[in-house]
Amino acid sequence: MRGPPQIFDRKLYSLRRARASGTDFLVGDAAAHLAERIRALKPAAAEALDLNSRDEAFAFLRPVASHWSRTSPVRADGVVSDEEALPFARQSFDLITSILSLHAVNDVPGVLIQIRQALREGGRFVGAMFGGETLRELRAAFAAAESDLRGGASPRVLPFADVRDLGALLQRAGFGNPVADVERTTVRYREFAGLTRDLRALGETNMLQQRSRKFLRRDVLSAAMANYRANNSDESGRLLATFDVIYLTGTA
């Protein structure tokens, strides 16, 4: 039986996350929103599991449950685990969280099923992930530049799930009261390098299996930057970048 398509290089993603410099860029906002939602849940969680969230995010989550377990592909003081193969028994937790990590798994339906199975009856999953139109400007700029100069585009920006599809996947995984909603942030950059710095600091640069292994040609980069500025800048000349964070909740 064939498994899900291997879109993302999970080993490379783990290495990128390990080398990331650490940043509060979008992470703190997503974590604060998630923590607020969790505090509204009754009763409060006793046993909770955090799946591969960054340390900056977990600082917001720590107070909302009595006892935490954590997983990460890079941590030394937690369970080293891939979301695609969770090493936990059924009905182990009252709450499971994930912040800005699930967008890079190859089998989102399978992961959601594993999360639901690891929750006790009445337990909650609360997560946030990049999705929707995230980095649509960057994708379009590189596609146009490479099509013009090379006759075809290489995959450089991740494919992101749609909020409606994720809501359906929660239901398909067996969650009760599934909810998926999206919050859009438009970031303005003085220069293109600012965007790339933020993506590197998050460990979110290209980890697609089908990515080009060749160095990016200077003429392609220049054309992409010109296309980006021509089509996605505000009246002051700052470059616009879209980030959609999709929030997911469901009950076991």
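Because the structure is predicted, anything quoted here is derived from the model rather than measured.
A donor and an acceptor atom, one from each side chain of T134 and D244, are nowhere located under 3.5 Å apart. Neither side chain, S72 nor N52, offers a donor N or O lying under 3.5 Å from an acceptor on the other. Side-chain N/O atoms of E137 and T242 include a donor and acceptor closer than 3.5 Å. Between the side chains of S101 and E83, a donor-acceptor pair is found at a separation under 3.5 Å.
No chain of hydrophobic side-chain contacts below 4.5 Å, direct or via other Ile, Leu, Val, Met, Phe, Trp or Tyr residues, connects I96 to F60. In this structure, I113 is not a member of the same hydrophobic cluster as L51, with clusters built from ILVMFWY side-chain heavy atoms closer than 4.5 Å. Linking Ile, Leu, Val, Met, Phe, Trp and Tyr whenever their side-chain heavy atoms come within less than 4.5 Å leaves V179 and Y247 in two separate clusters. Residues Y189 and F142 share a hydrophobic cluster, clusters being chains of Ile/Leu/Val/Met/Phe/Trp/Tyr side chains in contact below 4.5 Å. Both Y13 and F8 belong to a common hydrophobic cluster when Ile, Leu, Val, Met, Phe, Trp and Tyr are linked at side-chain heavy-atom distances under 4.5 angstrom.
When all heavy atoms of G203 and A20 are compared, the pair lying nearest together is N-CB, 3.7 Å. Minimum interatomic distance between L240 and Y228 (heavy atoms only, all atoms of both residues): O-OH, 2.7 Å. Across every non-hydrogen atom of G131 and I246, the tightest pair is CA-CD1, 3.8 Å. For the pair A128 and A30, the tightest heavy-atom approach, listed with the atom from each and the gap, is CB-CB, 4.5 Å. In terms of heavy-atom proximity, S53 sits nearest to I99 at OG-N, 3.0 Å.
To the nearest 0.5 Å, atom OG of residue S212 and atom CD of residue E146 are 7.5 Å apart. With values rounded to the nearest 0.5 angstrom, L49 atom CG is found 11.0 Å from H67 atom NE2. If you take CG on D181 and NE2 on H33, they are separated by 10.0 Å, rounding to the nearest 0.5 Å. To the nearest 0.5 angstrom, E204 atom CD is 9.0 Å from L135 atom CG. Between L248 atom CG and S98 atom OG the span is 8.5 Å, to the nearest 0.5 Å. Separation of atoms CD1 (I7) and CG (L158) is listed at 10.0 Å; rounding is to 0.5 Å.
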Let's go through F175 and I115 carefully: what are the C-alpha distance in whole Å and the side-chain angles of both, what is the deciding distance for side-chain contact (heavy atoms from CB on, under 4.5 Å) to 0.1 Å, and is it a yes or a no? CA-CA 10 Å; F175 283 100; I115 290 172; 4.0 Å; yes
Could you go through the side-chain contact (heavy atoms from CB on, under 4.5 Å) check for V245 and V182 one step at a time? CA-CA 6 Å; V245 175; V182 62; over 6 Å; no
Step by step, would you call F130 with L26 a side-chain contact (heavy atoms from CB on, under 4.5 Å)? CA-CA 10 Å; F130 288 123; L26 297 179; 3.9 Å; yes
Might you work through the side-chain contact (heavy atoms from CB on, under 4.5 Å) test for L166 and M129, ending with a clear yes or no? CA-CA 10 Å; L166 289 168; M129 60 189 286; 3.8 Å; yes
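Of the possible donor and acceptor atoms, none in the side chain of R172 sits under 3.5 Å from a partner among the backbone N and O of G167. Formation of a donor-acceptor pair under 3.5 Å by the E56 side chain with backbone atoms of G28 is not found in this model. Of the possible donor and acceptor atoms, none in the side chain of Q91 sits under 3.5 Å from a partner among the backbone N and O of L119. Panel note: side chain Q6, backbone P4; a donor-acceptor pair is recorded below 3.5 Å. Without hydrogens or angle criteria, N231 side chain to N227 main chain gives a donor-acceptor distance under 3.5 Å. Of the possible donor and acceptor atoms, one in the side chain of T196 sits under 3.5 Å from a partner among the backbone N and O of A193. No donor-acceptor pair closer than 3.5 Å links the side chain of T251 to the backbone N or O of N177.
Ion pair D94/R124 not flagged as a salt bridge, since none of the NZ, NE, NH1 or NH2 atoms sits closer than 4.0 Å to an Asp/Glu carboxylate oxygen. Between D107 and R10 there is no salt bridge, since no side-chain N of the basic residue sits under 4.0 Å from a carboxylate O of the acidic one. A salt bridge links D9 to R211: one of the charged nitrogens lies within less than 4.0 Å of a carboxylate oxygen. Salt bridge present: R70 and D55 bring a charged side-chain N and a carboxylate O closer than 4.0 Å. One finds no salt bridge joining R238 and E191 here, because no Lys/Arg side-chain nitrogen approaches an Asp/Glu carboxylate oxygen to under 4.0 Å. The pair R116-E121 fails the salt-bridge criterion, with no side-chain N (NZ, NE, NH1 or NH2) lying under 4.0 Å from an Asp/Glu carboxylate O.
In this structure, S92 and E47 have side chains that are not in contact, with every pair of non-hydrogen atoms separated by 4.5 Å or more. Looking only at side-chain heavy atoms (C-beta outward), H103 and V108 stay at 4.5 Å or farther from each other. You'll find the side chain of L195 stays beyond 4.5 Å of the side chain of L239, heavy atoms only. R17 is listed as a side-chain neighbour of R54, based on a closest heavy-atom distance under 4.5 Å. With a 4.5 Å cut-off on side-chain heavy atoms, T97 and V64 do not count as touching. Contact check for R62 versus F58: side-chain heavy atoms found under the 4.5 Å cut-off. V157 is not listed as a side-chain neighbour of N206, based on a closest heavy-atom distance of 4.5 Å or more. For the pair W68/L61, a side-chain contact is recorded, criterion being any heavy-atom separation below 4.5 Å from C-beta on.
Residues passing the side chain to side chain contact (heavy atoms under 4.5 Å, CB included) test with R217 are L149, R150, D219, V220, sequence neighbours excluded. Contacts of R164 classified as side-chain hydrogen bond (donor to acceptor under 3.5 Å, both in side chains), with partners at least two apart in sequence or in another chain: D162. Residues satisfying the side chain to side chain contact (heavy atoms under 4.5 Å, CB included) criterion with S66, sequence neighbours excluded, are absent altogether.
Separation of the F25 and F243 ring centroids falls under the 6.0 Å cut-off. Note: F88 and F93 meet the aromatic proximity criterion, with ring centroids under 6.0 Å apart.
Counting non-hydrogen atoms of other residues, nucleotides and ligands closer than 6.0 Å to CD of Q209 gives a total above 12. Atom CD of Q117 is surrounded by more than 12 heavy atoms from other residues, nucleotides or ligands within 6.0 Å.
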